[in-house]
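Within every chain, numbering begins at 1; the chains are lettered A, B, ... in the order of the sequence lines, protein sequences first and strands thereafter.
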2 protein chains.
Amino acid sequence: MNEAPNIVRVAALIGDNARAEALCALMSDRALTATELANMAGVTKQTMSFHLAKLREEGLLAVEKQGRHRYFRLAGPHVAELLESLMGLAFRGDDRHLSIGPRDPALRKARVCYDHLAGELGVFVYEQMLETDILQQLPGGLKLTKQGRLWFLKHGIDADALASSKRSFCRACLDWSERRNHLAGALGAALLARIQALGWAKREEDSRVIVFSAKGEASLRAMFAVNNMPPTPDTSLLEPLSLVCK
Amino acid sequence: MNEAPNIVRVAALIGDNARAEALCALMSDRALTATELANMAGVTKQTMSFHLAKLREEGLLAVEKQGRHRYFRLAGPHVAELLESLMGLAFRGDDRHLSIGPRDPALRKARVCYDHLAGELGVFVYEQMLETDILQQLPGGLKLTKQGRLWFLKHGIDADALASSKRSFCRACLDWSERRNHLAGALGAALLARIQALGWAKREEDSRVIVFSAKGEASLRAMFAVNNMPPTPDTSLLEPLSLVCK
DNA sequence: CAAATGGTTCGACTAAGATCGAACCATGAA
DNA sequence: TTCATGGTTCGATCTTAGTCGAACCATTTG
């Protein structure tokens, strides 16, 4: 009859240092092993194993066996979204106490949120896409326009191939540092992968920070310049990637 | 350097039975006293007092003194939103285990989310508003159109008066049972208040359920019929309310 | 095969924190 | 003022669950 017990289980699960540390580490869609996670959280591997089992049991994590390794991932985007919500509230709470400003400037500038781009540049991209009619907000959700499909193709991403995958194609995700939306879903994931493939940006080791080179950031911003919507799709740049966005 | 510790504090806070019970009770924007909350959660008042202090300290609750009573409220809509996210994930997790269907049909049909309408009827209203151009989704967020303003006025809500209040005017809120959006913000709150004032629906005691009378639900749906956008605002229905949506 | 490494299970220890009884403070009523 | 009621603070208790050492299972490598 009451709904409280349900949320207690999940919240209590996240409300532990070691587990939260692991979850945060997994926010960067990397699949990590139990020992790696143990080291990051500063506990022994048997403790982490214990925690991972619990998280899996409650449906927050998924495992993938590969040889003698077991790779752990977040169970899905919905988990990442919940964690982002929590961060939003947590940092807001902190501000009231410590009244600190930007905590980690690099993290606010650009970071990975599950598997897509977040932070200042993430919302920039999202809003530019709406501005230039690559995306449209409809009652049912986000929609990729025809010209948008061409735009992605021009930048080496075959949106049609992505659309066939099971996971939600494109959706908005609330950015906790900017408190505005950025692009998530398979499309968002593909874009981030493309950015990295082009060498515009690199992931920092063991963190969610994405560092853009000066040239890379300029290229990103240039994607939305006047030359953004050529009526003839220019496929000479690269063969369209058929990204596997599992 | 790490962001985990922050979310741990909030999550651990919610991850306790008594506290979660209190938070859920407060999801229905009602302001409740410590003893009331204690009874609901099944603990003594001193324990609840202890918990409430913690929740307040972390910025999840706000208090209001009134005579010898102290009324507790959620600190704001952001808290309610987080709780809804948690429920979404919690119930999803349950489904995997117990594979139960609709848990509480009435709750899914219509309920209060903080101070606005949620559930099946909530998302119906929201989507109708987009459909009929009462609201528009823009890059910056939701926008009330000119005709939308007239529409609200016709139904006894003075949107201009609400806009002056500090809280966010109108925004979308993700509905955990429907997994789609419903209308939140001052506008959403005013609408729900109006619905109740007109006697179309009543709040169930000690629950978030909103029960619509058959006539009430029909009236609600009729709001979006063809007679929805008269060029001349019909103010004869009632004087526009200047609702205080604190 | 044996050795090495990744991962889990088991049991015991420990610390954190939820709980309540009792005393205490504040406000309002008689 | 005295009584009653709402609320908090303090101290003691007790349970929960996070932790690690050690043993154990599984898989790959030499």
field: B/Thr47 side-chain N/O to C/dA18 phosphate OP1/OP2 under 4.0 Å
entry: no
- line: dist B/Cys24:SG -> B/Met40:CE (nearest 0.5 Å) comes out at 11.5 Å
task: Compare side-chain N and O positions of B/Lys54 against OP1 and OP2 of C/dA18 and report whether any pair is under 4.0 Å apart.
output: yes
field: Rounded interatomic separation in angstrom, taking CG from B/Leu37 and P from C/dT19
entry: 14 Å
- line: Here the distance between atom P of C/dG7 and atom OH of A/Tyr71, to the nearest Å, is 8 Å
- prompt: Do the side-chain N or O atoms of A/Thr44 get closer than 4.0 angstrom to the phosphate oxygens (OP1, OP2) of D/dG21?
  reply: no
task: Go through C/dT8, C/dA18, D/dT19 for me and flag the one nearest to the A/Arg70 side chain.
output: C/dT8
- prompt: In terms of side-chain heavy atoms of A/Ser49, which of C/dT19, C/dT9, D/dG7 is nearest?
  reply: C/dT9
message: Closest-nucleotide mapping onto DNA chain C: is A/His69 or A/Ala53 further toward the 5' terminus? I mean the 5' end.
response: A/His69
- prompt: C/dT8 C1' sits how many Å from A/Glu57 CD, rounded?
  reply: 14 Å
message: Could you tell me how far apart A/Ile14 (CD1) and D/dG18 (C1') are, to the nearest whole angstrom?
response: 17 Å
query: Taking atom P of D/dC20 as reference, at what distance in whole Å does atom CG of A/Asn17 sit?
result: 12 Å
query: Rounded to whole angstrom units, what separation is found between the CG atom of B/Asp16 and the P atom of C/dA16?
result: 17 Å
query: What's the spacing between A/Leu37 CG and A/Leu23 CG if we round to 0.5 Å?
result: 9.0 Å
- prompt: Hey, is the side chain of A/His51 poking within less than 4.0 Å of OP1 or OP2 on D/dT19, counting only N and O atoms?
  reply: yes
- prompt: For B/Glu58, does its backbone N or O pair with a side-chain atom of B/Arg9 as donor and acceptor, under 3.5 Å?
  reply: no
message: With a 3.5 Å cut-off and heavy atoms only, can you find an N or O donor on one side and an acceptor on the other between the side chain of A/Gln46 and the base of D/dG21?
response: yes
statement: Closest to the side chain of A/Phe50, out of D/dG7, C/dT19, D/dG18, is D/dG18
- prompt: Can B/Glu217 and B/Lys109 be said to form a salt bridge (Lys or Arg N to Asp or Glu O under 4.0 Å), step by step?
  reply: CA-CA 11 Å; B/Glu217 182 174 344; B/Lys109 174 84 177 186; 3.1 Å; yes
statement: In whole angstroms, the gap separating C1' of C/dG6 from CG of A/Leu32 amounts to 14 Å
- request: Check A/Leu192 against A/Ile210 and note the closest heavy-atom contact, atom names and distance.
  value: CD1-CD1, 3.7 Å
query: In whole Å, what is the span from the CZ atom of A/Arg56 to the C1' atom of C/dT9?
result: 15 Å
